[in-house]
There are 2 protein chains.
Amino acid sequence: MINSQPAEMAASGETAASQVFSALKQDLIRGRFAAGEKLAISALKERYEVGLSPLREALNRLAAYGLLEQHNQRGFRVPPLSAEELEDISRLRMQLECMALTQAFQEGDAEWESQLLAASHRLSRANKAQGEIEQWEQAHQRFHRTLLAPCGSHWLLRFIEQLHDQFDRYRRLAPGNPEIRDRLDAQHGELVELALDRRIHDARYLLEDHIRQSWEVAKGACEQG
Amino acid sequence: MINSQPAEMAASGETAASQVFSALKQDLIRGRFAAGEKLAISALKERYEVGLSPLREALNRLAAYGLLEQHNQRGFRVPPLSAEELEDISRLRMQLECMALTQAFQEGDAEWESQLLAASHRLSRANKAQGEIEQWEQAHQRFHRTLLAPCGSHWLLRFIEQLHDQFDRYRRLAPGNPEIRDRLDAQHGELVELALDRRIHDARYLLEDHIRQSWEVAKGACEQG
DNA sequence: ACAGTAGTTAATATCGATATTTTTTAAAAA
DNA sequence: TTTTTAAAAAATATCGATATTAACTACTGT
């Protein structure tokens with residue numbers, strides 16, 4: 001059984017449901033669907049070239065995750081955007097990520113420092129290659145994930161990731177703000193320095209400000225857009 | 001279309017998938033399945049008297065929620081119990097619920113106080129009716145939900161509920177500890193008093209202790225059981 | 001006896017068709 | 001015109017059957 005898979009098939013072990021789950025999740029976060037929009041299942045079937053059963057399973061997972069609303073007998077909707085919810089998400093991010101940061105500073109070892117430096121470097125390089133937004137987005141996500149990874153709490157990381165996905169829906173829909181964007185980029189480097197020196201107090205303050213600045217940008221998605 | 005539904009049908013608008021989701025969720029929290037057990041889908045079909053499609057959708061939701069593990073091409077498993085995860089869950093509960101409590105004390109109004117008193121009363125009455133454990137469980141859950149409800153953060157409440165469900169898996173599997181149980185019951189009443197007086201500092205300390213005591217009980221589920 | 005392997009069984013994941021429910025459209029009544 | 005009602009259309013949810021994958025068993029060779 002050598003090379004029996006067509007080129008378009010994904011890695012072995014991937015099921016159709018899990019593939020369409022990932023694809024749909026990405027598209028939801030990227031804002032490819034209008035907020036509040038009702039998803040037409042038959043249209044999704046064509047779009048993702050997948051049958052009804054795996055598609056519905058993916059939709060159910062996404063609803064349980066909070067990236068879709070599910071209403072009995074009337075299908076799935078993209079959740080609406082609201083400034084109130086964005087505030088909720090942002091404030092909770094500040095609290096949870098600061099919690100995780102504190103623990104990460106205690107638990108993080110040399111290996112972590114290396115990975116953090118690497119992630120930071122990848123992020124700054126991805127910055128310059130304009131036009132490849134998705135690459136930057138991935139590097140950005142990985143940086144923040146690496147920063148908090150050693151915090152030791154599986155559930156805390158899970159919730160933070162979930163909030164991050166929610167937050168990104170807003171941020172990616174908002175118009176770019178080059179001014180704040182530059183400041184945000186600089187903060188990533190500063191966070192690494194503070195992490196290496198384990199200056200938890202300053203780092204917490206900086207991370208909180210980082211989220212607050214991002215929040216300012218993300219707010220742009222709520223203005224009658 | 002009057003009374004066209006058979007007696008065993010649930011409220012209108014309920015779909016087969018959502019019904020089996022609720023039933024399965026309850027059974028998982030109640031420990032009706034062995035930890036680590038692989039779920040035989042065909043057996044579940046008979047047990048819940050439901051077809052394959054709605055059953056699989058329910059399983060997918062539960063996996064996304066964290067009450068099941070899903071492995072591609074090899075079905076669904078009940079997550080194993082571990083003392084480490086219980087510690088993670090418990091510590092996070094302390095932090096998140098104390099956060100919510102603080103905000104609830106600020107936002108809570110007279111209506112909240114009334115509902116809290118009512119919930120507390122129901123809980124103490126449910127206590128005495130032995131043999132009706134499920135009734136007490138429901139009253140208990142509602143009490144804790146009411147206590148934190150006015151905190152104003154949709155996502156915080158969501159995460160707390162999720163952790164609560166995880167925690168209860170352990171607690172309900174653990175052998176009963178009448179000694180601690182009495183103390184826990186007493187704490188519910190004390191929490192109400194502190195809430196009415198908005199004594200946030202004492203209340204936080206008490207809630208933290210409440211969770212810690214429950215944790216002690218829940219640990220019993222991890223011992224080679 | 002043991003490791004490796006083909007063949008068999010059982011389970012999962014998916015497809016195609018159908019039944020139910022909601023939404024839309026059109027007609028009838030106030 | 002507005003509201004109600006009824007019929008038609010569209011969409012969701014579910015069923016039954018099938019294909020695909022993993023787990024198991026018996027065999028072969030060493």
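Labels below follow one simple rule: chain letters A, B, ... track the order of the sequence lines, proteins then strands, and each chain is numbered from 1.
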Just how far, in rounded Å, is [atom2] of [N] from [atom1] of [X]?
{"X": "B:Gln19", "N": "C:dT20", "atom1": "CD", "atom2": "P", "result": "15 Å"}
{"X": "A:Leu55", "N": "D:dT14", "atom1": "CG", "atom2": "P", "result": "15 Å"}
{"X": "B:Tyr48", "N": "D:dT14", "atom1": "OH", "atom2": "P", "result": "17 Å"}
{"X": "B:Asn60", "N": "C:dT12", "atom1": "CG", "atom2": "P", "result": "13 Å"}
{"X": "A:Arg77", "N": "C:dT22", "atom1": "CZ", "atom2": "P", "result": "15 Å"}

Are there any protein N/O atoms within less than 3.5 Å of an N/O atom in nucleotides 15-18 of chain D, and if so, which ones and at what distance?
from, atom 1, to, atom 2, distance (Å)
D:dC15, OP2, B:Gly51, N, 3.1
D:dC15, N4, B:Ser53, OG, 3.1

Item to check | Which residues share a salt bridge (Lys or Arg N to Asp or Glu O under 4.0 Å) with B:Asp168, sequence neighbours left out | outcome: B:Arg171

Checklist entry - Between A:His144 and A:His188, what is the ring plane arrangement, given parallel below 30°, perpendicular above 60°, and tilted in between? => result perpendicular

Next on the checklist: Using a strict threshold of under 4.0 Å (side-chain N to carboxylate O), is an ion pair present between B:Glu134 and B:Arg172?
Outcome noted: yes

Item to check | Presence of salt bridge, B:Arg30 and B:Glu137, under 4.0 angstrom | outcome: no

Next on the checklist: Measuring to OP1 and OP2 of C:dT12, would you say a side-chain N or O of A:Thr15 lies under 4.0 angstrom away?
Outcome noted: no

Checklist entry - Are more than 12 heavy atoms from other residues, nucleotides or ligands located less than 6.0 Å from atom CD of A:Glu161? => result yes

Item to check | Pairs satisfying salt bridge (charged side-chain N to carboxylate O under 4.0 Å, His left out), at least one member in residues 93-102 of chain B, at least two apart | outcome: B:Arg93-B:Glu97

Checklist outcome for this item: Applying side-chain hydrogen bond (donor to acceptor under 3.5 Å, both in side chains) to A:Trp215 and not counting sequence neighbours gives none

Please tabulate, for side-chain N and O atoms in residues 98-107 of chain A, each donor-acceptor pair with protein atoms closer than 3.5 Å (sequence neighbours left out).
from, atom 1, to, atom 2, distance (Å)
A:Thr102, OG1, A:Cys98, O, 3.0
A:Thr102, OG1, A:Arg204, NH1, 2.7

N/O-N/O pairs, protein side and nucleotides 8-12 of chain D side, under 3.5 Å:
from, atom 1, to, atom 2, distance (Å)
D:dT12, OP1, A:Lys38, NZ, 3.2
D:dT12, OP1, A:Leu39, O, 3.4

